Amino acid sequence: MRGPMVVPPPMAHADVEVVDHEMGIRQNKEAASSVHRISGEDSSLEGQDGHLSRTKSTQDDAAGMRRMGKEQQLVRQFRLLSITSFVAIATAAWEIGLFVLTPGLVDGGRSGLLWNTIWNFIGFGPIYLSMAEMASMAPIAGAQYHWVSEFAPEGSQRFLSYVTGWTSSIAWQAGNAMGIFLVGSLIQTIILVNDENYSFPNYHGTLLAIFAMCIAFCGVVYGAKALPYWQNAVFAIHIIAYFAYIVPVWVSAPAATHSEVWLTGWENSGGWSSMGLTVLVGQLAGISQQVGIDTAAHMSEEVKDASRAIPKAMITIYLVNFCLIFPAVLTVIYHCPDLEAALGDSTTYPAIYVLRQAMSVPWITVILVVICLLNVASNIVYLAAVTRDLFAFARDKGLPFSKWISTVSETRHIPVNACILSCGIAVLLSMIYIGSITAFYAITSLSTLSLLQCYSLSIGCVLYRRVRHPGSLPPSHFSLGRWGIPVNAMAVTYAIWALFWCAWPQYVLDASTFGKSMNYASIIFVSVLIFAMVYFVFKARHEYFGPVTEVEGRKAHFHVR
């Protein structure tokens, strides 16, 4: 299989030298302005290439891949509607969002959770507008690390894109583990709801999570061709089940007053020094509701007319998810008149405590089974995106065993090895739960922190290029135009702000709470990056140069010696 790199092989102590910067910028500008001319003028592209009909690509898709120096190895089976449904199912806004509310209720209470849900939705607006534009400029499975490489200052793109590639891998692998654990936990919760004597042992959760991972693997690998075709049906169930959850609760469950929800329902159960600090620490719940919509970007190489469809899918689901999660949050906080009882429920989930106030055990079981099945579907599509992210970074030789990881099956036309590795990592992470609940939750919260780092750095790089070299930005079907600089600046500011709060523990740490309350996410994050740097020194520096060295109009001013 022909690899994507077209630069000459490096010497033993290879280094990337940036030469003729201004000439490169002029060349990039010319190449960028010619992308649409290429797609319109080369009417013989299908006959010459043979890939258009086989990979279901449009001429615009082919021109985009050629500009980015990548071979079209995957099949573009998704269309706008199916990729929109794909992102909705992958993010599972209300099915997952209902079960991550506890930090916001502990640190902030009803009112704190309500308002941080609103301001995080607003704060993430510029982030997704910025990423939608970048996804239109460069619709590629690598997404953030590719965007960093293409838009960062030439002298630092190699290091920054390498770090972002590893950070993105951390984020998606941790999110994959979180998804399978939630399925295992929900199955245990269903058992507990029907049998209060069930002891909820940790190893049961791990075994159920491994079972969930096996289902996801089969769905992604053996059901690859069917993947785009059941998305719309599951999306419909996703909406119907949503109303099946919230309507009975509003009809039957006891409720708190409007004042307790909107104005006076502030809580500081975490022991922080002030209510303001408490609410800021508790906004992790609101932040985690918003991340992950860039799932669409990692599927770019399998979406027809990706430069148009991906931005539309991202913005649509950003809005749709809020229309689902905000009423769901309101449903829970309005129907927790006794917040202490909700937080102390034997299931550990206030969202299930609310259900128990509204309906009988059989109906609760039905609702939870449907939610569990929707999360199983979410795990399948999320794993597909995780696999593509890993495949893309390995294709650019940023990982150990890159050749094996980036291999695309000739029969299934998907990166099966990347899927095997992703499943193996998730299984290993789920085993940590047997020995330490705290350590496992730290790994899962790592996903949010890592994604925010990717968002802030990639958007920061496009902001740099927009300010310093605006003519070098490639054309896009979704453009921020004259609003680009303020929107990008707001996006970077908010992403860094949110990232800062993701590393805080839920409770004030002291000798008695350190072991069960410490947030190890930042420690794990730094540890993995240290490993990445060691690998770079000994191996990757000879192989990884950043995908921009393949981009038309930019290759000329990158010289390998």
Side-chain angles (χ1 to χ4, degrees), residues 92 96 99-100 102-103 106 166-189 191-192 198-217 284-285 288 291-292 347-349 372 375-376 378-379 382-383 386-387 389-390 399-400 418-453 502-507 509 512-532 534-535:
I96 295 177
F99 299 99
V100 295
T102 299
V106 170
W166 273 88
T167 302
S168 180
S169 298
I170 294 169
W172 290 98
Q173 297 300 325
N176 189 36
M178 180 179 66
I180 64 168
F181 169 73
L182 181 58
V183 169
S185 177
L186 283 174
I187 294 173
Q188 287 187 291
T189 299
I191 298 171
L192 180 62
Y198 178 60
S199 60
F200 228 97
N202 291 355
Y203 78 92
H204 283 189
T206 294
L207 291 175
L208 290 168
I210 293 172
F211 177 67
M213 190 76 272
C214 292
I215 294 175
F217 175 81
L284 178 61
S288 63
V291 297
T347 65
T348 72
Y349 295 122
C372 188
N375 276 289
V376 169
S378 176
N379 288 343
Y382 193 91
L383 176 61
V386 171
T387 297
D389 171 77
L390 200 66
L399 295 168
C419 187
I420 292 171
L421 179 60
S422 296
C423 292
I425 292 172
V427 167
L428 290 175
L429 292 179
S430 69
M431 290 182 178
I432 296 176
Y433 183 71
I434 297 175
S436 173
I437 296 176
T438 303
F440 184 85
Y441 278 113
I443 290 172
T444 56
S445 68
L446 183 63
S447 177
T448 301
L449 185 152
S450 301
L451 282 174
L452 287 167
Q453 187 277 333
C502 287
W504 286 61
Q506 189 171 318
Y507 298 91
L509 297 178
S512 62
T513 63
F514 186 89
K516 65 178 182 179
S517 302
M518 176 61 184
N519 187 342
Y520 293 96
S522 58
I523 297 173
I524 299 170
F525 180 80
V526 172
S527 298
V528 174
L529 289 186
I530 290 173
F531 173 81
V534 171
Y535 177 70

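Bear in mind that the values here come from a model prediction, so they are computed numbers and not experimental data.
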Does [X] reach the main-chain N or O of [Y] with its side chain, forming a donor-acceptor pair under 3.5 Å?
X	Y	answer
Tyr382	Gly179	no
Gln506	Thr102	no
Ser288	Ala285	yes

Can you confirm whether [X] sits close enough to [Y] that some side-chain heavy atom of one is under 4.5 Å from a side-chain heavy atom of the other?
X	Y	result
Asn375	Ile96	yes
Tyr507	Val106	yes
Ile210	Met431	yes
Phe99	Leu186	yes
Thr206	Phe181	no
Met213	Asn379	no

Problem set entry | Atom CZ of Phe200 with >12 non-hydrogen neighbours under 6.0 angstrom | yes
Problem set entry | Trace of the side-chain hydrogen bond (donor to acceptor under 3.5 Å, both in side chains) decision for Ser185 with Tyr349 | CA-CA 10 Å; Ser185 177; Tyr349 295 122; 2.7 Å; yes
For this session: Decide side-chain contact (heavy atoms from CB on, under 4.5 Å) for Phe525 and Thr167; before the verdict, give the C-alpha distance in whole Å, the side-chain angles of both, and the deciding distance to 0.1 Å.
Result: CA-CA 8 Å; Phe525 180 80; Thr167 302; 3.6 Å; yes
Exercise. What pair of heavy atoms forms the shortest contact from Gly292 to Leu451, and how long is it?
Worked result: N-CD1, 4.2 Å
Exercise. Closest approach of Leu192 and Tyr198, non-hydrogen atoms and distance?
Worked result: CD1-O, 3.6 Å
If you look only at distance, which donor and acceptor atoms sit under 3.5 Å apart when one is on a side chain in residues 168-178 and the other is two or more places apart or in another chain?
from   : atom 1 : to     : atom 2 : distance (Å)
Ser168 : OG     : Asp389 : OD1    : 2.7
Ser169 : OG     : Gly165 : O      : 3.0
Trp172 : NE1    : His298 : NE2    : 3.3
Gln173 : NE2    : Ser422 : OG     : 3.1

Seminar exercise, completed: Sorted by chain and number, sequence neighbours left out, side-chain contact (heavy atoms from CB on, under 4.5 Å) with Leu421 holds for Leu390, Trp404, Ile405, Ile425
